[in-house]
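Being a predicted model, the structure only gives us computed values, none of them experimental. A, B, ... follow the sequence lines: proteins, then strands. Residue 1 opens every chain.
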Amino acid sequence: MSMDRRKFLKAAGLTTLVGLGGKGVFELLRPGAVEAEMAHESHGHDKHHEQEAGPKVRWAMLIDVMALNKEKIEKIVHTCHYLHNVPNWGDPKNEIKWIWEDEYEHVFPDSYNEYNHILEGLPFLLLCNHCDNPPCVRVCPVQATFKRPDGLVAQDYHRCIGCRFCMAACPYGSRSFNWLDPRVQLKKEMAHGRKLNKQFPTRMRGVVEKCNFCVERLAEGKQPGCVEAVPDVMFFGNLADPNSNVRKILKERISLRRKLELGTKPSVFYLI
Amino acid sequence: MIEKALKGSSVYWGWIIFLLCLIGAGMMAYLYQLKVGLGITGMSRDISWGVYIAQFTYFVGVAAGGVMVVIPKYLHHYTKYGKIVVFGEFLAIAAVVMCLLFIVVDIGQPMRMLNVVLHPTPHSMLFYDMIVLNGYLLLNIICGYNTLLADKKGVPCPGWVKPFIYISIPWAISIHTVTAFLYAGLPGRHFWLTAIMAPRFLASAFAAGPALLIMILLFVRKVTKFDPGDEALQTIAKTVCYAMIANLFFMGCEFFTAFYSQIPGHMHTLEYLFAGLDGYGNLVPFMRAAIVIGLFGVFLLLVPRIRRNPKGLALACASVFLATWIDKGVGLVIGGFIPNPFETITEYHPTLPEITIAAAIWGVGGLIVTILYKVAISVREEQARV
Amino acid sequence: MYDSGKVIIGLAVFACIFLFPFLYNRGTAAPQPKPSLDTPAIKALSEKKCVENTRFMITTHMQFLNDWRDQALREGNRWYVNSEGKKVWISLQNTCIKCHSNKKEFCDKCHNYAGVEPYCWDCHYDPNGSKL
Ligand code: SF4
Ligand code: SF4
Ligand code: SF4
């Protein structure tokens, strides 16, 4: 285990040297590092070991609200929805979204301050919080949504029966259901010049989907698409590592998380 | 025994054909839904459960309500219920079948239903719901069928059936408790997050199920030679009355907690349902009506003179049934989604295909009740002749 | 009451109707399809070998793909080590189909013959399909 850790840090150091990390503190995992972590976790029958160690990786995302603007938001949303072939139905009824913008009073409905409107005009980006204690996972009757050892709340479209229990359970409205065949809409959009990302599948009708923290990119050692699109606004890293980029930033900046009182422990932080 | 369902008057057959038409129309609508997707319903990203799940919830209650005639008969040897217990069980069978159908039509990938069994997930309430509902169906088939068989032969129920009957009593409580737990354990849905959800569900179930049973039995008495007995009907009516009072009391408790604490999240849904919120108030007239009709039903049941009159009794039971139906079969599930997690409001308008499918499931329930009751009544009539 | 004779006749008629397709098709099995494996990517291979041996792939690819799916998606394990110790990137879209780009020939021929309709293509892309 200690070897893993050294390798891990080395990879982090290397990427900083190469200048891949956004602010020079992003620890980019070498390909396969995530797998190594997870293999370790899944074979971790040694109980003592596990208790001592705790999870070694817990992915988290930081969004610098002060650095966001219309242009960047558009870029972020477009990047994510392009990468994951999220159709744009254009009506709230069938709408599917992985990341989108909303106002302060909707994002933090219980924290309205009538004497100070500083936060109100600010743009907030909403996505799945990859909660550490996710109610969506708790309720799913088939484990189609589940928490991976690295903290990611993943969604298995092959298994989802479309009961939408997870949508009722998610307190953040992060989940969308494919009420209709997403390909129908994608085809329409393609007729108007939309491009498909052929590296990533579409979904089928009747399943639930949401932001997947770009698990397919993490597996290749890349950063999430949105973070890569705006490296000075969004940061991605390992919350379990006290020396990680995200932990350093969280030490310095004021941050908010949504609906902490529900005990879900979100992994998305808003920097103010 | 089933051949008894094949002999009947033209009215009987007319009713059967009507139900079959209803089912046929619903099947067409369902094929359409299978082909296009659940987008043909009025549900949306914000209101992700609609008529189907609301009706499911309501009929779990009706199914559980049947136990209100089983308990007095088997735990207290209240012999007046001897002749009608089987009707309670048959009603439960129909209601559970309806519940299962409502789930099937609601899920997006019905072909993958078996995943619930293939990947059993003990931390999901839906997993337990599947177990208890299917178990309850089985229990009622065993108990109902054997009770009737024994009646036909004029012998007491065989001994091996007794344990099943006793198990079915806590089991009935469990189906509605687990169904309440589907809702009551979700963080962030303030309206549902209440510890009295399960007791309230049970109270409304013990009002609605027996109320429906009384209505059907009154009808049966009118059109057939079978008489369930005045005293039996009156006793069930008292059950309905007390259960409905408990239900209204629980509802009052919800109001108290929300409005005395003045916590906005807890008040919002109630405001939306009963007064309108931010200019939205689709359900207000219905929810208010539900309260008035419910109180009216209780009043009718409380006055002995009205209760003893068959017409008065029927009206009272219809009121209770309707009031609980609006409250639980519409407001409870839809209301839970309003306002949404962003404290904004999206309203829900069921579509025609959606209602057609739901109506067809009512039709299936009606058909099952009709056939099973026809058989049971024929047996009773034969006995009367002997 | 009712006539058991009639019931038996009814049952017999039902059985005949139900069994008709089976009886009718008896002994007239369609010839087994022989899908062509030729694709540009495969032609370019020096050694024409799949991830595992052909026999295994033909008989077990369903379980194999299920396993790959669970490994990649649920276990987060993207590397498969085959029986020869070679590492392969686990991906239907980006590994299997890179070689087997002829879905009509390679997948459909047998699947149609066997009358199975896997739902892979509801989400994954048919590499040569012009439409989605
Ligand atoms: S934000 Fe919602 S969907 Fe995402 S992990 Fe938390 S509860 Fe689940
Ligand atoms: S909709 Fe899918 S992911 Fe959500 S709870 Fe149901 S089966 Fe699980
Ligand atoms: S992490 Fe990936 S999936 Fe999630 S919002 Fe960003 S780009 Fe989209």
[Y] side chain reached by [X] side chain, heavy atoms, under 4.5 Å:
X      : Y      : answer
B/Y30  : B/L101 : no
A/L127 : A/F213 : yes
B/L114 : B/V117 : yes

Under 4.5 Å heavy-atom distance to chain A, tell me which part of [X] shows up: side chain, backbone, both or neither.
X      : answer
B/T344 : side chain
B/P264 : neither
B/M111 : neither
B/F337 : side chain
B/N340 : neither

(request) Heavy atoms only, distances under 4.5 angstrom: which of B/M125, B/Q109, B/R45 has the most pairs with chain A? Name it, please. (result)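 Winner by heavy-atom pair count: B/R45.
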How far does [atom1] of [X] sit from [atom2] of [Y], to the nearest 0.5 angstrom?
X      : Y      : atom1 : atom2 : answer
B/D106 : B/T41  : CG    : OG1   : 8.5 Å
B/Y128 : B/S174 : OH    : OG    : 12.0 Å
B/F56  : B/I53  : CZ    : CD1   : 6.0 Å
A/K147 : A/C131 : NZ    : SG    : 9.5 Å
A/W100 : A/C211 : CH2   : SG    : 9.5 Å

Is [X] in contact with chain B via its backbone, its side chain, both, or neither, using a 4.5 Å heavy-atom distance?
X      : value
A/Y157 : backbone
A/Y172 : backbone
A/D102 : side chain

(request) Determine whether the aromatic ring centres of A/F177 and B/W49 lie less than 6.0 Å apart. (result)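 No: the rings miss the under 6.0 Å criterion.
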(message) Please confirm whether the ring centroid of B/Y280 lies under 6.0 Å from the ring centroid of B/Y272.
(response)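 Centroid distance B/Y280-B/Y272: not below 6.0 Å, so no.
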(message) For A/M234 versus A/L125, what's the shortest heavy-atom pair and its separation?
(response)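 Looks like SD-CD1, 4.4 Å.
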Proximity of [range] to chain B, residues having a non-hydrogen atom under 4.5 angstrom:
range                       : result
residues 254-272 of chain A : A/R258, A/K259, A/L262
residues 72-98 of chain A   : A/P92, A/K93, A/N94, A/E95, A/K97
residues 135-145 of chain A : A/P135, A/V137, A/R138, A/V139, A/C140, A/P141, A/V142, A/Q143

Just by distance, do the side chain of [X] and the backbone of [Y] share a donor-acceptor pair under 3.5 Å?
X      : Y      : result
A/R205 : B/L34  : yes
B/E354 : B/T351 : yes
B/Q262 : B/F259 : yes

Please output the side-chain donor-acceptor pairs of residues 178-193 of chain B that fall under 3.5 Å, not counting sequence neighbours, one pair per line with the distance.
residue: B/T179; atom: OG1; partner: B/D129; partner atom: OD1; Å: 3.3
residue: B/T179; atom: OG1; partner: B/I175; partner atom: O; Å: 2.6
residue: B/Y183; atom: OH; partner: B/T57; partner atom: OG1; Å: 2.7
residue: B/R189; atom: NE; partner: A/A168; partner atom: O; Å: 2.7
residue: B/R189; atom: NH2; partner: A/M167; partner atom: O; Å: 3.0
residue: B/W192; atom: NE1; partner: B/L332; partner atom: O; Å: 2.9

(request) Output, in order, the C-alpha distance, side-chain angles, deciding distance and verdict of side-chain contact (heavy atoms from CB on, under 4.5 Å) for B/V116 and B/L126. (result) CA-CA 9 Å; B/V116 181; B/L126 211 52; over 6 Å; no
(request) For each of A/R164, A/H106, A/M204, tally heavy-atom pairs with chain B at distances under 4.5 Å, and name the one with the top tally. (result)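 Of the options given, most contacts go to A/R164.
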(request) Indicate yes or no: does A/R183 engage A/D181 in a salt bridge with an N to O separation below 4.0 Å. (result)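 The answer is no: the pair does not qualify as a salt bridge.
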(request) Report the residue from A/R203, A/R175, A/E209 that forms a side chain to side chain donor-acceptor pair (under 3.5 Å) with A/Q155. (result)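 Of the listed residues A/R203, A/R175, A/E209, the side chain to side chain donor-acceptor pair (under 3.5 Å) partner of A/Q155 is A/R175.
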